[in-house]
2 protein chains.
Amino acid sequence: MTTETDATRTDATGAVAGTGQTGTAGETAERVWRRLRTLVLEQNERRKETADALGMSFFRVKALRRIAARPSRMSELAAELGSDRPYLTVVVDDLAKRGLVERHPHPTDRRCKIVTATPEGAAAAARADAILGTPPPVLRDLAADDLAALDRITAALTASGEG
Amino acid sequence: MTTETDATRTDATGAVAGTGQTGTAGETAERVWRRLRTLVLEQNERRKETADALGMSFFRVKALRRIAARPSRMSELAAELGSDRPYLTVVVDDLAKRGLVERHPHPTDRRCKIVTATPEGAAAAARADAILGTPPPVLRDLAADDLAALDRITAALTASGEG
DNA sequence: CAGATTGTTTGTACGCGTGTAATCATTACT
DNA sequence: AGTAATGATTACACGCGTACAAACAATCTG
């Protein structure tokens, strides 16, 4: 896949001399976005790797990580995981059967049940975080100044609203 | 979206003045990696959006895009899509029934069938590309110099092997 | 207290993707 | 020619996640 070979066309908005990358700001944003997707999604084997390491589907890994991060009621978990309450019961049942999760009564509302992670569950979630959070070598091997630039820019990009 | 382009003085160890970000190169890489995952995966509603727009599962969208990009044999498609041949038969059957895809005989090997996209299929794939390739507003609104930096760095990151 | 509401659970049906075995046509090998 | 190997297809069983209806317990409201 060769990108535009008319390298150093200089239009008013966004030409970058000497890098072979030209175009309007919108075109540059699209190019960057495509590369970011490639970088992240091509590493998406991590999901399968994580699921295999924990011996459960990635959805359950996601649920476990969410529970380990913050104990919550069933309905909260279902909403945040984008699932429905009935299926979350099945998932939490499965995680509980594995000894990774426990249901505790809500202090005031006896209808609710607070789901928390056991020490084993927290450890498993940490293992998942470690696998998913390991950057690809190409990123780790980036030059220090480029990495610092990424650090600064991505901090701004994920600052608050992603709108 | 204001970007503090001046607040990035880095010392020898990688500390970033004014942003509260310090640490070794590995820690910085992990932080950047986490933010990149957030940025891309939080936009993963795009998958559902694309699937809804085309009225098919995202896996079939993926298959259609792959076919539109390069006509191939069934076995090639199955391998590249990480699926098995039998299921790909079902998927291509479905896409063909929708008039998006056609099976053509291989010029030399009559066992093979070359799957190509019809004009309608190419148009649908282009629509999917448009949705998936639209960068999030926060990226499009990035300051020009930061965007140029991302352009350069991501080009290096996705140059060849992702290791 | 009666009725409506909320939180959770059980059950059921469905679509999707994986995996495997078996079948058929075509090609390659000896 | 005869046999093995390859490409595609059909068929079936399975796990996963979604969606919906219904039941039950506990809480809130009239």
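Order of the sequence lines fixes the chain letters, A, B, ..., with proteins taken first and strands second; residue numbering starts at 1 for each chain.
- For the residue pair R66(B)/S72(B), the side-chain donor-acceptor check at 3.5 Å is satisfied.
- Residues V101(A) and V92(A) are in side-chain contact: their nearest non-hydrogen atoms beyond the backbone lie under 4.5 Å apart.
- One hydrophobic cluster, built from ILVMFWY side chains closer than 4.5 Å, holds both L157(A) and I153(B).
- Residues E42(B) and T158(A) fail the side-chain proximity criterion, which asks for heavy atoms closer than 4.5 Å.
- One N or O on the side chain of R46(B) and one on the backbone of T134(B) form a donor-acceptor pair closer than 3.5 Å.
- When the local axes at the two ends of the helix from dC1(C)-dG30(D) to dT30(C)-dA1(D) are compared, using 5 base pairs at each end, they differ in direction by 10° after rounding to 10°.
- A donor-acceptor pair is defined here as one N or O able to donate and one able to accept, closer than 3.5 Å; no such pair exists between the side chain of R85(A) and the backbone of L77(A).
- In the hydrophobic clustering of ILVMFWY residues, with side-chain heavy atoms under 4.5 Å counting as a link, L132(A) and L139(A) come out apart.
- Hydrophobic clustering, with ILVMFWY side chains joined whenever heavy atoms are under 4.5 angstrom apart, keeps L64(A) apart from I131(A).
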- request: Starting at the 5' end of nucleotides 8-20 of chain D, put B wherever the base has a protein heavy atom under 4.0 Å, S where only the sugar-phosphate does, and a dash everywhere else.
  value: SBBB----SBBBB
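- For the pair K62(B) NZ and dC16(C) C1', the computed distance is 14 Å after rounding to whole Å.
- In this structure, D151(A) and R35(B) have side chains that are in contact, with non-hydrogen atoms separated by less than 4.5 Å.
- Linking ILVMFWY side-chain heavy atoms closer than 4.5 Å, directly or via other members, places V40(A) and F58(A) in two distinct hydrophobic clusters.
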Is there any protein nitrogen or oxygen under 3.5 Å from a nitrogen or oxygen in nucleotides 1-4 of chain D, and what are the pairs?
none

